[in-house]
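Scroll down for the structure; my scribbles are underneath it.
Just so it is clear: chains get the letters A, B, ... in the order the sequence lines come, proteins before strands, and each one is counted from 1.
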Amino acid sequence: MNAENTVKECAWQAIGALYGAAGELPELQVAKTRKEFEGDYTLVTFPLLKLSRKSPEATANEIGLWLKENCGHIVADFNVIKGFLNVSLTPEYWLGCLGTLMQSPNYGFVCESGRSMMVEYSSPNTNKPLHLGHIRNNLLGYSVSKILEANGHNVLKANLVNDRGIHICKSMLAWLKFGNGETPQSSGLKGDHLVGKYYVAFDKAYKAEIKELMAGGMSEEDAKREAPIMREAQEMLRKWEAKDPEVYGLWEKMNGWVYAGFDETYKAMGVSFDKVYYESNTYLLGKELVQRGLEQGVLFRKEDGSVWADLTGDGLDQKLLLRGDGTSVYMTQDLGTAVQRHGEYNLDEMIYVVGNEQNYHFQVLKLILKKLGYGWADGIYHLSYGMVELPEGKMKSREGTVVDADDLIAEMISTARAVAEEAGKLDGLSEQEIAEISRMVGLGALKYFILKVDPKKTMLFDPKESIDFNGNTGPFIQYTYARIKSLERRAAEQGGIAVTSVADFEQGRLPEPKEIELIKHLTEFAGVVRQAGAEFSPAVVAAYAYDLAKEFNQYYHDYPILKPEVAEGDRVFRLSLATQVAGTLNRAMGLLGIEMPQRM
RNA sequence: GGUCCCGUAGCUCAGCUGGAUAGAGCAACAGAUUUCUAAUCUGUCGGCCACAGGUUCGAAUCCUGUCGGGAUCACCA
């Protein structure tokens, strides 16, 4: 069931019959007819002029006449404006589409592509809590996973936690120095926030030491290196690498606090993972790979013993892979991890959801893997997303301008509640229902706000102007859904309407123009899912859901569905159509990780 | 300096595999409600699609250059 293809096939037949199918055929251009013209689909005739050897108008007319005579799905009336042929499909055809939809509760979702993919996202550091930038990452990663699943792929959601390194040692050290044994239990602080507090404390103490050293005549660079607290942190990292029991125990304890905190945030956001990796387990990977590359002559060694990849032939620079002392760097680890995962799961694609500041890194990663002879490197895709900026510019933790993820989520939910209460939407509902609706709507607003924007674009978030609940927003779409659910409840109270196929409709009840518009929208969902999957773009799905909701709201406004004056035949038909809209909205929003309330 | 990304209404964003008169939302203004839920609907206002060339029947969309903004080019991750 694909109306556009139906039109295309008819057009091909017309062209074959009229002009012969000889020679190479131009691409057929069929598009949805613009609103201001009459018709469902438009055939652009300009590319066909070489075949027809006639004017655009004559060609369009000729094809239109042929379709009228020979194609049963296309209505007799067509119109030609300049080189554009506008045709419509019959109400019977659209009724058939509605019938197919009613029989296909999972319309739009493909089963079993046979392809396996890993989507790596989130990948936080364990020294501070999640912020707005992480929210964009997590929502994107989760949504893209859902979209790929809907395209029939076997998807593994992965999280590579950066649990080791100097950053966590900073938090650990500051906690030892200033913490007085404080724990999440004793302080009432969420674990990740507690650890983040000591990361900030470290930075403060570090800065004070630098200032003092510089006052004593030292250069800034030297002061940064010589500051005692920094030396201590580095010493701590060495002890960690040597698995010093005391340091290791502290590390495990504080990371445990952070994980408990993250789990809470993940749960609140509604994201999850199939596989969690820890850098403490993977940071030594890749060394063998580099050795092999060295033997193959793909990599080279400098006098100091360090190993490099020469990418200057590809327009890039040289890239360090092993230091002179044999220790590895970030890239080494990522190379090793990629190879290991590919061996483990035989992945067709690996999608990395990582900010655009790492564009270069992934370009290099892919290139080196190819040089090492891994053909599957072509299946690596860096889903690069832009920063979330505040009105005053970038978020800076040092200046305290970060928008904390937990705070923002809580604020969205409480705002949703306040808005609903003011509008009297929650009267008569239990506290539990109120809390659940507020949660869904608040999160829906936040998720939609972020996911509707093209991932690669830098986006702006203004905390002072709280996220809207009207217009092109998540709650708008949720509201549309809730109203349909309300209709369904009412219909059930009135004795139920048992319609499962078009055969149950009143004889001769065909869709009216506005209803055809809705059916047309509904049939486009499969194409939207496919496109979103091919482009890794939740924004495509968001735009679709909004358009469908808007279209339905107009219909709902103009056409009564269950009002007493509505004839039984119309009532049944309209409710069935509304149910299809609700189902499609629900599936579309599900791909964005947005839940739909039954009432709001 | 090299490479990559972005520039569309006052603001936030669609549209970009070339198609008809460039679309939404917010904001502003004017309307619709004895409600199948007004978190809705209708209308008005708002544009040298950064700029200049090129490609062609046709360019916001493709190519080149310029300007503006961002990222990156670490023995950090």
Using purine N1 to pyrimidine N3 plus N6-O4 or O6-N4 for Watson-Crick, or N1-O2 and O6-N3 for G-U wobble, both under 3.5 Å, which nucleotide pairs with [N]?
N      : answer
G31(B) : C41(B)
U66(B) : A50(B)
U72(B) : G2(B)
U12(B) : A24(B)

So, [X] and [Y]: side-chain donor and acceptor under 3.5 Å apart, yes or no?
X       : Y       : result
R571(A) : Q494(A) : yes
Q318(A) : K302(A) : yes
E433(A) : S430(A) : yes
N127(A) : S171(A) : no

With heavy atoms under 4.0 Å as the rule, sort [X] into base, sugar-phosphate or nothing.
X       : answer
F469(A) : base
Q29(A)  : base
F552(A) : nothing
L460(A) : sugar-phosphate
A420(A) : base
F84(A)  : base
N86(A)  : base
A482(A) : base
E279(A) : sugar-phosphate
V441(A) : base
V453(A) : sugar-phosphate

Under 4.0 Å between a side-chain N or O of [X] and OP1 or OP2 of [N]?
X       : N      : value
R34(A)  : G15(B) : no
K82(A)  : U21(B) : yes
N470(A) : U40(B) : yes
K457(A) : G7(B)  : yes
Q358(A) : A77(B) : no
K550(A) : G25(B) : yes

Considering only heavy atoms and no angle criterion, is a donor-acceptor pair shorter than 3.5 Å present between the side chain of [X] and the base of [N]?
X       : N      : value
D468(A) : A27(B) : no
D304(A) : C75(B) : yes
T42(A)  : A20(B) : yes

>> Less than 6.0 angstrom separating the ring centers of H521(A) and F552(A), yes or no?
In response: no
Y381(A)-Y352(A) aromatic ring centre distance below 6.0 Å
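No, the ring of Y381(A) stays outside the 6.0 Å limit from the ring of Y352(A), centre to centre.
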Please give, in whole Å, the distance from [N] [atom2] to [X] [atom1]?
X       : N      : atom1 : atom2 : result
Q318(A) : C75(B) : CD    : C1'   : 13 Å
F449(A) : U12(B) : CZ    : C1'   : 7 Å
K485(A) : U40(B) : NZ    : C1'   : 19 Å
N472(A) : U40(B) : CG    : P     : 11 Å

Please state the [atom1] separation for the pair [N] and [M] - nearest whole angstrom.
N      : M      : atom1 : result
G53(B) : C75(B) : C1'   : 47 Å
G58(B) : C13(B) : P     : 35 Å
U56(B) : C51(B) : C1'   : 22 Å
C26(B) : G43(B) : P     : 14 Å
C41(B) : G25(B) : P     : 8 Å
C76(B) : C16(B) : P     : 43 Å
U34(B) : A14(B) : P     : 39 Å
C67(B) : U55(B) : C1'   : 23 Å

Cationic N near anionic O, under 4.0 Å, E512(A) to K514(A): no
- prompt: Are the charged groups of K82(A) and E57(A) less than 4.0 angstrom apart, N to O?
  reply: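 Salt bridge flag = no for E57(A) with K82(A).
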Check every atom of [options] against the side chain of [X] and return the nucleotide holding the closest atom.
X       : options                : answer
N553(A) : G19(B), A77(B), C41(B) : C41(B)
K456(A) : G25(B), C5(B), C41(B)  : C5(B)
Y546(A) : C36(B), G25(B), A14(B) : G25(B)
N162(A) : A77(B), C57(B), C5(B)  : A77(B)

Just checking, R164(A) and Y283(A): is the charged tip under 6.0 Å from the six-membered ring centre and within 45° of the axis?
yes
Y556(A) aromatic ring stacked with six-membered ring of C36(B), 5.5 Å and 30°: yes
Would you please determine if the base of A20(B) is stacked by F37(A), with stacking meaning a centroid separation under 5.5 angstrom and planes under 30 degrees? yes
Closest to the 5' end of RNA chain B, once N356(A) and L85(A) are matched to their nearest nucleotides, is L85(A)
Self-check item: First of Y330(A) and M459(A) reached from the 5' end of RNA chain B, by closest nucleotide
Solution: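 Nearer the 5' end of the strand: M459(A).
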